[in-house]
There are 4 protein chains.
Amino acid sequence: MVVVLRPSPDKEKLDSLILWLQSKNISIHQVVGESKVILGLIGDTSKLDIDMLHALDIVEDVKRVKEPYKEANRQFHPEDTVIKVANTQIGGGSLTMMAGPCSVESEEQIVGIAKAVKEAGATILRGGSFKPRTSPYSFQGLGAEGIELLKIARKETGLPIITEIMEISQLPLFDDIDVIQVGTRNMQNFNLLKELGKQKKPIMLKRGMSATYEELLMSAEYIMSEGNENVILCERGIRTFETYTRNTLDLAAIPVLKKLSHFPIIIDPSHATGKSALVGDLAFAAIAAGADGVMVEVHNDPAKAWCDGAQSITPDTFRGIAKRIIALHEFMKTL
Amino acid sequence: MVVVLRPSPDKEKLDSLILWLQSKNISIHQVVGESKVILGLIGDTSKLDIDMLHALDIVEDVKRVKEPYKEANRQFHPEDTVIKVANTQIGGGSLTMMAGPCSVESEEQIVGIAKAVKEAGATILRGGSFKPRTSPYSFQGLGAEGIELLKIARKETGLPIITEIMEISQLPLFDDIDVIQVGTRNMQNFNLLKELGKQKKPIMLKRGMSATYEELLMSAEYIMSEGNENVILCERGIRTFETYTRNTLDLAAIPVLKKLSHFPIIIDPSHATGKSALVGDLAFAAIAAGADGVMVEVHNDPAKAWCDGAQSITPDTFRGIAKRIIALHEFMKTL
Amino acid sequence: MVVVLRPSPDKEKLDSLILWLQSKNISIHQVVGESKVILGLIGDTSKLDIDMLHALDIVEDVKRVKEPYKEANRQFHPEDTVIKVANTQIGGGSLTMMAGPCSVESEEQIVGIAKAVKEAGATILRGGSFKPRTSPYSFQGLGAEGIELLKIARKETGLPIITEIMEISQLPLFDDIDVIQVGTRNMQNFNLLKELGKQKKPIMLKRGMSATYEELLMSAEYIMSEGNENVILCERGIRTFETYTRNTLDLAAIPVLKKLSHFPIIIDPSHATGKSALVGDLAFAAIAAGADGVMVEVHNDPAKAWCDGAQSITPDTFRGIAKRIIALHEFMKTL
Amino acid sequence: MVVVLRPSPDKEKLDSLILWLQSKNISIHQVVGESKVILGLIGDTSKLDIDMLHALDIVEDVKRVKEPYKEANRQFHPEDTVIKVANTQIGGGSLTMMAGPCSVESEEQIVGIAKAVKEAGATILRGGSFKPRTSPYSFQGLGAEGIELLKIARKETGLPIITEIMEISQLPLFDDIDVIQVGTRNMQNFNLLKELGKQKKPIMLKRGMSATYEELLMSAEYIMSEGNENVILCERGIRTFETYTRNTLDLAAIPVLKKLSHFPIIIDPSHATGKSALVGDLAFAAIAAGADGVMVEVHNDPAKAWCDGAQSITPDTFRGIAKRIIALHEFMKTL
């Protein structure tokens with residue numbers, strides 16, 4: 001950690017800061033420049049509160065040198081995390097295709113789609129039972145019933161299932177779910193993250209709409225620090241000034257997060273854009289950039305979808321996209 | 001609601017859409033332009049899923065005309081909401097000054113600050129017991145113990161207290177809290193909002209870091225739609241590209257939210273900027289723009305604060321700022 | 001265009017608005033909803049000032065239905081624009097690889113790099129002679145001398161050249177340049193755009209750092225409306241809250257701009273990220289998403305680059321990336 | 001400047017970097033931490049290219065300690081800049097009220113408004129003659145004729161005038177203009193800035209729509225480094241995800257820019273919000289936060305304005321707002 005001091009710092013205050021840092025087993029290296037003095041802090045600075053240092057009168061700026069995450073850090077965990085889910089795996093060179101409807105609506109719907117996406121090559125079935133909706137008047141998902149329908153679809157197809165949790169009290173319902181999804185609005189629901197850290201189950205953590213890479217990794221750290229190493233990251237678009245697409249898909253996240261951390265990365269072009277016509281091209285882009293997989297919304301009849309229909313594609317369209325994703329993923333291995 | 005059709009829409013699909021809308025008691029008004037056709041939808045469109053309409057092949061764009069919130073809407077609720085809290089009130093021309101430390105640390109600390117801010121003119125004591133921290137290794141607050149210390153400070157000073165809730169299971173601990181705060185990361189924790197909607201207690205809802213005005217009002221709608229009308233809005237800075245300040249304080253929120261809705265508005269310049277030197281000027285700006293009050297972090301010794309010290313000011317500094325806030329608030333009434 | 005009126009509009013003002021619109025040959029279609037009235041405006045609304053309509057007391061909102069650009073609009077210009085540049089073409093299924101240093105520094109440097117990138121498969125040589133630098137103390141480019149050096153490199157290699165113009169008075173120096181680049185900071189330098197519209201030469205227009213797709217297309221419209229149809233669009237990253245990368249590359253721009261307009265699209269992953277380690281993966285992603293080409297910074301020795309070295313890659317690295325780009329571009333045709 | 005090295009840097013490369021830095025008269029202070037090594041660079045680092053350092057394999061990050069601007073820096077120029085304009089001054093405790101129409105349209109219009117705003121207390125007349133418009137089909141201003149009309153209005157009222165320049169070739173027309181405005185889209189038109197730096201005339205530099213404080217100050221530095229010290233900064237809203245207002249007015253800019261630099265600060269609430277109903281409240285907020293003045297669009301009949309009417313207010317409304325601004329400015333001196 002580097003602390004930049006204000007010009008001509010009060011000597012007494014500086015001594016007191018140095019003493020306090022030393023009491024935390026931090027040793028200090030002073031660098032006296034032409035107009036500024038900086039302190040290089042050596043030791044375990046991860047527990048120092050950077051905001052507190054900022055607070056001091058004599059401090060102008062504080063810059064972190066070491067990443068604030070440990071378990072999530074590629075540097076201390078050089079091997080890629082590979083996650084077994086039923087008979088498939090996420091990461092490690094495998095291609096993950098999560099597909100399914102935004103919301104589970106009925107047995108007929110979810111089983112129908114599950115069969116269709118399986119045939120097209122999907123490896124995991126997605127479907128929402130608890131839906132975080134901006135409006136209290138929108139359909140909020142089937143809840144527990146939706147979870148049961150997902151299990152039926154799994155039984156019928158053999159596809160493992162992923163579905164979103166919205167709060168701790170729902171956890172018992174997720175006992176038999178293969179991958180638990182934490183949605184963008186809950187990426188910093190720290191109590192939920194800690195609780196999920198006590199599970200063994202794979203957790204797919206979606207990037208918050210305005211979360212930095214570091215914040216996403218700190219949230220993964222919350223899960224890992226409680227003991228659960230089965231974390232998958234998902235980029236699903238960030239909020240920017242551009243309104244033509246619902247969000248802006250940030251594909252640089254793929255090589256960046258691969259460099260900084262060791263988790264598999266899944267890309268969700270459906271939510272990122274909110275437009276089904278863009279899903280294919282962005283899914284291809286994700287695979288070409290090195291993603292471990294994609295999550296795509298598929299609905300048997302978009303016009304009848306209860307929610308988020310705009311970004312859904314039909315099983316037929318998905319079949320075409322999936323085929324190309326598979327071929328591209330194979331091709332990328334040869335490059 | 002206005003639906004813009006793609007050029008030359010398939011007649012059969014269009015008829016089917018119109019029939020479906022009519023089945024929802026929506027009547028349709030077609031406007032045929034030079035290159036586009038639009039449908040004006042008349043009736044209760046609040047339950048129509050705008051995303052679903054987007055999904056249709058024949059639809060190019062959908063534009064909402066009516067605001068999607070009702071209870072929160074000034075149009076249907078023209079009177080200002082005024083909230084009684086112990087012997088003070090929020091809104092209705094009163095000046096609310098919430099002040100206190102980021103985190104409750106000890107009885108001595110919180111009682112000391114409570115006395116100091118009361119003397120300076122604060123009307124409500126703030127202090128965090130459950131702290132949403134980006135890092136799992138940062139101090140997470142005293143929890144239940146902090147709540148008890150806040151009550152002691154209230155007893156000693158008579159100041160009502162506001163503190164943040166992080167999840168539903170903490171609710172029983174908030175039984176005797178005067179105002180419950182929902183933090184920026186929980187603005188779209190819809191389950192929590194619904195639960196708080198079943199309380200009678202005032203809820204201060206902080207704007208999410210990347211939430212639009214409409215999303216903030218929809219979250220207020222979640223609370224109101226369950227029966228709790230005691231909602232206070234708080235602008236605390238939004239996330240932008242500027243990194244010098246922690247966030248960008250959006251003071252246009254004051255006149256905008258006053259126009260669109262009927263809630264009292266509190267401004268938090270401490271979290272918005274992360275820099276104590278900016279708090280005073282932005283608090284004055286907030287009052288001049290018509291805010292019902294401000295929330296300011298005050299710490300007895302910023303250098304020793306356990307968290308967020310950078311944005312804290314001392315009781316002495318607060319005294320000066322508060323005095324000017326009070327004078328300015330009085331002056332604004334005469335303008 | 002759709003005009004949403006405020007509730008209970010003043011009848012006299014409404015009549016006056018309608019008369020005024022009719023005088024502009026706009027016919028009006030009123031749609032009376034439950035709580036709002038909207039006007040559907042039919043006719044050539046492209047000359048109506050949307051802001052002026054907003055200004056009226058009786059108007060609550062104005063929503064455009066028709067895109068404000070014509071020449072740039074795919075709807076009125078369904079064929080892809082294909083641009084011949086010397087013996088190569090941009091668009092129409094060809095792969096364009098623009099490569100070269102950020103700044104032209106010396107004959108040895110530019111000729112050396114030109115030869116290396118040509119051998120690796122580049123189709124156009126890039127190199128900056130006039131450099132828009134944030135600081136007045138940074139190297140501002142060789143100017144006219146740099147242009148001459150580029151021509152020498154062209155002569156030596158046969159590669160056509162692209163370089164950036166910064167103001168109208170520099171135009172004579174660009175007489176013999178193959179493609180003129182308009183940089184991100186000049187995307188809305190409207191006088192420059194109009195002047196470039198009077199040329200015949202291909203213009204590559206880079207998206208402004210905070211420009212929407214519509215604004216980018218309106219700037220292309222400026223060029224086309226003066227008669228120059230040879231426009232190439234370039235996505236080079238937009239400014240967001242994420243600071244790990246210099247900007248956020250928005251690859252959804254590719255399918256979106258292809259749908260809305262007819263121009264070739266080039267992606268610049270070097271400037272977008274500011275990190276050479278990310279260039280390859282994002283270039284592959286761009287090609288997979290359907291881009292017509294990429295622009296990559298290549299320097300013979302990044303450590304000695306005068307500017308923007310952080311995002312440069314060496315000829316050796318470029319060779320590997322280019323080979324894979326070419327293979328991927330071929331492969332995408334088979335998908 | 002602080003250079004953070006990657007773990008286990010290549011010794012030869014490190015030595016070569018150190019030698020190169022020393023050749024630039026930079027001395028180096030190494031700080032060896034637990035997992036990282038940092039170099040503290042001492043000397044005049046303003047000419048070092050930060051991007052170039054980033055480029056080196058062995059470098060992980062580079063952090064600036066000293067601000068990159070000198071002339072604009074409060075540290076080296078502690079006195080407030082106060083600018084005389086005719087019989088008024090900008091900065092130094094004076095209240096500047098710039099008011100007038102978005103576009104100059106006719107003698108009658110501009111003289112009429114000039115008289116009205118003068119009577120209301122305006123100190124400078126604003127009016128656009130060269131208008132940067134997103135669409136080539138929108139009214140682009142009267143050009144040279146508008147400048148003449150502004151001079152007539154000045155003669156009639158004695159109000160000095162400010163108007164926007166769009167490119168260097170227009171400079172001769174600005175000979176007799178009191179303050180030259182550089183618009184948001186030209187904040188980084190560096191050639192224009194340099195040319196304006198050679199003038200003696202006051203330049204009001206508007207913050208770019210997505211410019212950081214540092215970038216704004218670097219643009220001011222461009223002007224000052226050529227010899228013109230008469231720079232005024234103007235905050236006019238930044239681009240964010242919120243679309244209800246045209247831009248987000250960032251009032252923290254006032255205390256921040258006052259701390260970092262020495263220039264007068266003007267706030268433009270009209271362009272920031274695009275909504276005339278918000279102008280008053282935000283103007284008051286600006287004054288309360290310490291702005292040196294405001295710039296407000298005033299039009300004699302908003303419904304007939306040729307451009308930007310939505311954000312204009314009538315002379316009557318302006319009279320009320322100006323009166324309150326004046327009173328508030330006086331009051332703030334007593335706080």
Side-chain angles (χ1 to χ4, degrees), chain A residues 207-217 237-260 267 269 272-275 277-291 320-321 323-332 334-335, chain C residues 207-217 237-260 267 269 272-275 277-291 320-321 323-332 334-335:
Chain A
R207 184 180 182 185
M209 228 173 283
S210 63
T212 61
Y213 302 140
E214 188 173 300
E215 287 167 344
L216 173 59
L217 293 175
I238 57 173
R239 187 159 268 189
T240 70
F241 61 83
E242 176 62 69
T243 57
Y244 186 89
T245 46
R246 186 186 300 180
N247 290 115
T248 296
L249 188 65
D250 174 16
L251 290 178
I254 302 167
V256 170
L257 293 172
K258 290 257 171 215
K259 180 182 163 245
L260 299 178
I267 299 297
T273 61
K275 293 188 186 284
L278 306 177
V279 167
D281 286 337
L282 290 174
F284 307 151
I287 297 302
I321 291 174
K323 200 176 148 191
R324 284 177 283 164
I325 287 175
I326 293 166
L328 177 58
H329 183 257
E330 282 309 306
F331 175 77
M332 292 307 293
T334 71
L335 273 195
Chain C
R207 183 180 183 184
M209 228 174 281
S210 63
T212 61
Y213 302 141
E214 187 174 298
E215 287 167 344
L216 174 59
L217 293 176
I238 57 172
R239 187 157 268 189
T240 69
F241 61 84
E242 177 62 70
T243 56
Y244 186 89
T245 46
R246 186 188 297 182
N247 289 115
T248 297
L249 187 65
D250 175 16
L251 290 178
I254 302 166
V256 170
L257 294 172
K258 290 258 171 216
K259 181 183 162 242
L260 299 178
I267 300 297
T273 61
K275 292 187 186 284
L278 306 178
V279 167
D281 287 336
L282 289 175
F284 307 150
I287 297 302
I321 291 175
K323 199 175 147 193
R324 283 177 282 164
I325 286 175
I326 293 166
L328 178 58
H329 184 256
E330 282 308 306
F331 175 76
M332 292 307 293
T334 70
L335 272 195

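Below, chain A is the first sequence line, B the second, and so on; all start at residue 1.
No option in A/Leu251, A/Val256, A/Ile254 other than A/Val256 meets the side-chain contact (heavy atoms from CB on, under 4.5 Å) test with C/Leu278.
Only the side chain of C/Lys259 comes within contact range of chain A, judged by heavy atoms closer than 4.5 Å. The part of C/Thr240 that comes within reach of chain A is its side chain, from C-beta onward, which places non-hydrogen atoms under 4.5 angstrom from that chain. Proximity to chain C (any heavy atom under 4.5 Å) is restricted, for A/Leu282, to the side chain, taken from C-beta onward. For C/Ala211, the part lying near chain A is the backbone, with the side chain staying farther off; criterion is any non-hydrogen pair under 4.5 Å.
Rounding to the nearest 0.5 Å places CG of A/Leu328 at 9.5 Å from OG1 of C/Thr334. Separation of atoms CZ (A/Phe284) and CD1 (C/Ile287) is listed at 14.5 Å; rounding is to 0.5 Å. Atoms CG and OG1, on A/Leu249 and C/Thr248 in that order, are 10.5 Å from each other to the nearest 0.5 Å. A/Ile325 CD1 to C/Leu335 CG: the interatomic distance, rounded to the nearest 0.5 Å, is 10.0 Å.
Summarising the geometry of C/Tyr213 relative to A/Thr245, their closest heavy-atom pair is OH-OG1, 4.2 Å, with the distance given to 0.1 Å. Nearest heavy-atom pair, C/Ala289 versus A/Ala285, reported as atom, atom and distance to 0.1 Å: CB-CB, 3.9 Å.
Heavy-atom pairs under 4.5 Å with chain C peak, among A/Glu215, A/Arg207, A/Glu214, A/Lys323, at A/Arg207. The most heavy-atom pairs under 4.5 Å with chain C, out of A/Asp250, A/Thr243, A/Ile238, come from A/Ile238.
Considering only heavy atoms from C-beta on, A/Leu260 comes within 4.5 Å of C/Tyr244 through its side chain.
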